[in-house]
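Bear in mind the structure is a predicted one, so any value in this text is a computation, not a measurement.
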Amino acid sequence: MPTTTVTTHLTLLTILSAATLYCLYKSHSLRKPKHPKIKKPLNPNPNTPLNPKPTKTPKIFYISETNTSKNLAKHLYKILKTNNLKFDLINPETYEPEDLHSEDLVLIIASTWQDGLSPSNGVFLSNWLNESVSDFRVGSLLLKGVKFGVFGVGSRSYGEERFNKVGRGFSSGMKALGAVEILPICEGDVDEGDLDEVFEKWCEDVVRVLKSGIVDLEDIAGKAPTKKDLEKGAGMRNGKKNGVKEMVTPVIRASLTKQGYKIIGSHSGVKICRWTKSQLRGRGGCYKHSFYGIESHSYGLSLPICASISNGVKATNSVCISYRRDQGMQNLEWALRCRKPIMAHNSRMLLRMLTWCMEATPSLACANKCVFCWRHHTNPVGKSWQWQMDDPLMIVNSALDQHKKMIKQMKGVPGVTAERLSEGLSPRHCALSLVGEPIMYPEINTLVDELHQRRISTFLVTNAQFPEKIISLKPITQVGMPAFHFALLYVSVDAANKDSMKAIDRPLFGDFWERFVDSLKALKDKQQRTVYRLTLVKGWNTEEVDAYSRLFSIGNPDFVEIKGVTYCGTSATSKLTMENVPWHADVKEFSEALAQKSNGEYEVACEHVHSCCVLLAKVDKFKVDGQWHTWIDYEKFHDLVASGKPFDSNDYMALTPSWAVYGANEGGFDPDQARYKKERNHKTKG
């Protein structure tokens, strides 16, 4: 038989066999009884999660720089645990983003850091997500099996375009890769005072959604409470009272009160500083005393030896007459004080201001978030005045009242005598530099005038972000209008170039450098004493001598204070350590180099070793006949203010004592005070 015929027969046989087998299979299937399908309920027990034993434990990621989001994540973790919902708390810095596609559920609590960027521990995860979204090879279904929710932490003070930029980025990125959002993104504002309340509401929604098993977005109410919802009810809520926002919310008030601040009204504060306590105990004062004659408890009249006074009392040997005038009582109380006599300036009896220095501020808010902030960013921030405003007279009266109460609390403290305590009850100087930005207060001129009418001198410090406010402080000499003068007007110069200032001050304003330069220009037109205050942070701005010297010609300050940064302990808001604190020798070296760069315009005049602080002063104005005159004749200052006539800083200068001059053996420590050094018994490592 031919080969072709055999092949054909085999093929036909194979086809017939296959057809026969198929028919037998179908016939057998049709004989099987059909059973109705039973639909399984979505969740038989609504009180338990849909997946009681998930293949992977859900995770909570915290993207945090200052521990705000980390603490919120811990709080959420505890809430979920209480509700028998097991989660892992994850720092994304230790997480492999490539594993994200295998997760069942992730909750992300993300803070937005400087310029809308991610905090350092979330940079890698954020970058991976963004790159995956833009990579055409990845596709839009990479995370299709992942469910997620995002809570963003930010501040609207930096602008709406930056507000919660990181949290929004995670939300949009996850959705772009196919993940399902179980709750719409919720956003909290750290500077509006409603963060905790908004977060609590979001946590409730998370628990409700997870327990119900519902993931259909149309069936859940996952949006954050609106402003209108939060403000329902009488009284103050969410930082508002009767519809007007208060600067100091209950949370901020509690935090600042815990730090020892006495909160005045809705936006002011006052606090007794450690130097005041020290001077009341006779243990020395701060650098303001060494540089300008400020002390803590009274003011006295120091005369040359055997100088006569109108009532016939004479000062002999090292004893001089001092007096204190109690405002309102209009009487003079005389007492003998053992002090070294100071020679009169220009044949005039030199009035030394031994004044109780009251540290206060009419605005606790600030436009910066400096890395060396003493308050660890517990005070509010803002770029303009948007709060309820208190009366300046009320602020002054309350500040004086609170100061008196704090001074009385020093009774019985070792070293505090009845005389010093009595003198301390009469404030004669106010440093408007406690915290925040005092110049933001719309009634700053009225407040200062109120202090001056009580013969209380003022130092005002501004962070150089409100040049228009500095201009408005210009002395007014028109008929019928008082002249506003500060004994000293400070501008903080924390950096000498734009990049350094952005890193150190962390300003809210986008045009912060332009505002800074304009503030220095405004300072140049002032007739009172003006000061640049430099805070040296080792490793941040201590190498910028040339750049700092170029700033001198812009503001033409009378003085330049150069101070080493104060380490305020461990803080989540700052990465500074003791390594960033310069020694006094470092500050001296920097100051001498800066003075040399001025080509003789400035010289190093004073120092205060204990404060790690040095003062540069203008030679042509304050060095008379080879002697420095950096101190202030406060009585004359008040007389000049009361006269209503124009005057400048030369009209109220006084001789600097020898112990305060740069290079003196005393190092700026008043020899009439008793130096006290703590004994530190640190355990040695064995």
Enquirer: Can you name the closest pair of heavy atoms from Val461 and Pro438 and give their distance?
Expert: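 Minimum heavy-atom contact is O-CD, 3.5 Å.
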Enquirer: Please report the interatomic distance NZ(Lys404) to OG(Ser426), rounded to the nearest 0.5 Å.
Expert: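 The NZ atom of Lys404 sits 7.0 Å away from the OG atom of Ser426.
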Enquirer: Decide yes or no for Lys408 and Lys411: does some side-chain heavy atom of the first lie under 4.5 Å from some side-chain heavy atom of the second?
Expert: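 Contact flag for Lys408/Lys411 side chains = no.
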Enquirer: Measuring from Leu489:CG to Ile439:CD1, what's the distance to the nearest 0.5 Å?
Expert: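 If I round to the nearest 0.5 Å, the distance is 7.0 Å.
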Enquirer: Is any side-chain heavy atom of Arg454 less than 4.5 Å from a side-chain heavy atom of Val396?
Expert: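 Touching, per the 4.5 Å side-chain cut-off.
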Enquirer: Nearest 0.5 angstrom please: Leu523 CG to Thr530 OG1, how far?
Expert: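 Here the rounded value is 4.5 Å.
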Enquirer: Checking Glu607 side chain against Gly663 main chain: does a donor-acceptor pair fall under 3.5 Å?
Expert: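 It does hold such a pair.
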Enquirer: Measure the shortest side-chain to side-chain distance between Asn368 and Pro507 over non-hydrogen atoms and say whether it is less than 4.5 angstrom.
Expert: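 Yes, close enough: below the 4.5 Å cut-off.
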Enquirer: Output yes when a side-chain donor or acceptor of Thr630 lies under 3.5 Å from a complementary backbone atom of Phe291, and no otherwise.
Expert: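 Yes, because the side chain of Thr630 sits within donor-acceptor range (under 3.5 Å) of the backbone of Phe291.
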Enquirer: Please round to the nearest 0.5 Å and tell me the distance separating atom CD1 of Ile562 and atom SG of Cys612.
Expert: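 The CD1 atom of Ile562 sits 11.0 Å away from the SG atom of Cys612.
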Enquirer: Got a donor-acceptor contact below 3.5 angstrom from the Thr656 side chain to the Trp628 backbone?
Expert: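 Side chain of Thr656 to backbone of Trp628, a donor-acceptor pair under 3.5 Å: yes, one is there.
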Enquirer: I'd like to know whether His638 forms a side chain to side chain donor-acceptor pair (under 3.5 Å) with Ser457, so could you lay out the CA-CA distance, the side-chain angles of the two residues, the decisive distance to 0.1 Å, and finally the verdict.
Expert: CA-CA 7 Å; His638 287 303; Ser457 57; 4.5 Å; no
Enquirer: Counting only heavy atoms not in Asp620, do more than 12 sit closer than 6.0 Å to its CG atom?
Expert: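 Enclosed: over 12 neighbouring heavy atoms sit under 6.0 Å from CG of Asp620.
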Enquirer: Could you check whether His289 and Trp275 have their ring centres less than 6.0 Å apart?
Expert: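 No - the distance between ring centres of Trp275 and His289 does not fall below the 6.0 Å cut-off.
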Enquirer: Give the minimum heavy-atom separation between Leu432 and Pro362, together with the two atoms involved.
Expert: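 For Leu432 and Pro362, the tightest heavy-atom pair comes out as CD2-CD, 4.2 Å.
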Enquirer: Side chain to side chain contact (heavy atoms under 4.5 Å, CB included) between Val493 and Leu551: does it pass, once the steps are laid out?
Expert: CA-CA 9 Å; Val493 183; Leu551 296 177; 3.8 Å; yes
Enquirer: Charged N to carboxylate O under 4.0 angstrom, Lys645 versus Asp639?
Expert: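 Not counted as a salt bridge, because no side-chain N and carboxylate O are separated by less than 4.0 Å.
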Enquirer: Okay, side chain of Thr361, backbone of Gly269: is any donor-acceptor separation there less than 3.5 Å?
Expert: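 No, because the side chain of Thr361 does not come within donor-acceptor range (under 3.5 Å) of the backbone of Gly269.
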Enquirer: For Trp659 and Asp670, run side chain to side chain contact (heavy atoms under 4.5 Å, CB included): C-alpha distance rounded to whole Å, both residues' side-chain angles, the deciding distance at 0.1 Å, then the answer.
Expert: CA-CA 7 Å; Trp659 53 263; Asp670 189 340; 3.7 Å; yes
Enquirer: Any donor and acceptor pair, going by atom type alone, linking the side chain of Tyr287 with main-chain N or O of Lys563 inside 3.5 Å?
Expert: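 Absent.
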Enquirer: For the side chain to side chain donor-acceptor pair (under 3.5 Å) test, which of Arg533, Arg529, Glu561 pairs with Tyr490?
Expert: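 Testing Tyr490 for a side chain to side chain donor-acceptor pair (under 3.5 Å) against Arg533, Arg529, Glu561 leaves exactly one candidate, Glu561.
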Enquirer: Measuring from atom CE of Met406 to atom CE of Met358, what distance do you get when rounded to the nearest 0.5 angstrom?
Expert: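 Here the rounded value is 9.0 Å.
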Enquirer: Roughly how far, to the nearest 0.5 Å, is the CG atom of Leu451 from the CG atom of Leu447?
Expert: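 That separation rounds to 5.0 Å.
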Enquirer: Looking only at heavy atoms, what is the nearest atom pair of Ala464 and Val491, with distance?
Expert: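 Smallest interatomic distance, heavy atoms only, reads CB-CG1, 3.5 Å.
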Enquirer: Do Glu437 and Thr462 pair up side chain to side chain, a donor and an acceptor below 3.5 Å, judged on atom types alone?
Expert: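 Yes - a donor-acceptor pair under 3.5 Å links their side chains.
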Enquirer: Going through the checks in order, is the side chain to side chain contact (heavy atoms under 4.5 Å, CB included) test met by Val537 and Asp494?
Expert: CA-CA 9 Å; Val537 187; Asp494 301 325; over 6 Å; no
Enquirer: Verify, without hydrogens or angle tests, whether Ser278 (side chain) and Arg274 (backbone) share a donor-acceptor contact under 3.5 angstrom.
Expert: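 Not confirmed, Ser278 side chain does not pair with Arg274 backbone.
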Enquirer: Kindly say whether Leu364 contributes a backbone atom to a donor-acceptor pair with the side chain of His267 at under 3.5 angstrom?
Expert: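 Checked: no pair found.
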Enquirer: Looking at Gln465 and Phe512, would you say the former's side chain and the latter's main chain have a donor-acceptor pair under 3.5 Å?
Expert: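 Side chain of Gln465 to backbone of Phe512: a pair is present.
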Enquirer: Which heavy-atom pair separates Ser363 from Met440 by the least distance, and what is that distance?
Expert: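 That would be OG-CB, 4.0 Å.
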Enquirer: Would you say that Phe516 contacts Asp505 through its side chain, given a criterion of any heavy-atom pair below 4.5 Å between the two side chains?
Expert: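 They are not in contact (no side-chain heavy atoms under 4.5 Å apart), so the answer is no.
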Enquirer: Got a donor-acceptor contact below 3.5 angstrom from the Arg281 side chain to the Met410 backbone?
Expert: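 Pair absent, no side-chain N/O of Arg281 close to backbone of Met410.
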Enquirer: Are the aromatic ring centres of Phe622 and Phe559 under 6.0 angstrom apart?
Expert: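 Yes, the ring of Phe622 comes within the 6.0 Å limit of the ring of Phe559, centre to centre.
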Enquirer: Which residues satisfy the side chain to side chain contact (heavy atoms under 4.5 Å, CB included) test with Glu468, sequence neighbours excluded?
Expert: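 Per chain and number, Glu468 pairs via side chain to side chain contact (heavy atoms under 4.5 Å, CB included) with Phe466, Arg515.
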Enquirer: Does the Lys NZ or Arg CZ of Lys636 fall within the cation-pi geometry relative to Tyr652 - under 6.0 Å from the ring centre and within 45° of the axis?
Expert: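 Because its charged atom misses either the 6.0 Å distance or the 45° angle limit, Lys636 does not stack over Tyr652.
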Enquirer: Any ion pair linking Glu592 and Lys588 (charged N to carboxylate O, less than 4.0 Å)?
Expert: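 Judged by the 4.0 Å cut-off on N to carboxylate O distance, Lys588 and Glu592 do not form a salt bridge.
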Enquirer: Just to verify, what does Asp518 make a side chain to side chain contact (heavy atoms under 4.5 Å, CB included) with, not counting sequence neighbours?
Expert: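 Scan of Asp518 (side chain to side chain contact (heavy atoms under 4.5 Å, CB included), adjacent residues dropped) gives Pro467, Lys521.
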Enquirer: With Glu601, which residues qualify under salt bridge (charged side-chain N to carboxylate O under 4.0 Å, His left out), at least two apart?
Expert: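 Per chain and number, Glu601 pairs via salt bridge (charged side-chain N to carboxylate O under 4.0 Å, His left out) with Lys618.
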Enquirer: Determine the minimum heavy-atom distance between Asp558 and Ser649, stating which atoms define it.
Expert: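 Closest approach of Asp558 to Ser649: OD2-OG, 3.6 Å.
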Enquirer: Give the minimum heavy-atom separation between Leu256 and Ile263, together with the two atoms involved.
Expert: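 Closest pair (atom of Leu256, atom of Ile263, distance): CB-CD1, 3.9 Å.
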Enquirer: Ignoring hydrogens and geometry, is there a side-chain-to-backbone donor-acceptor pair from Ser611 to Cys286 under 3.5 Å?
Expert: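 Not a single qualifying donor-acceptor pair exists.
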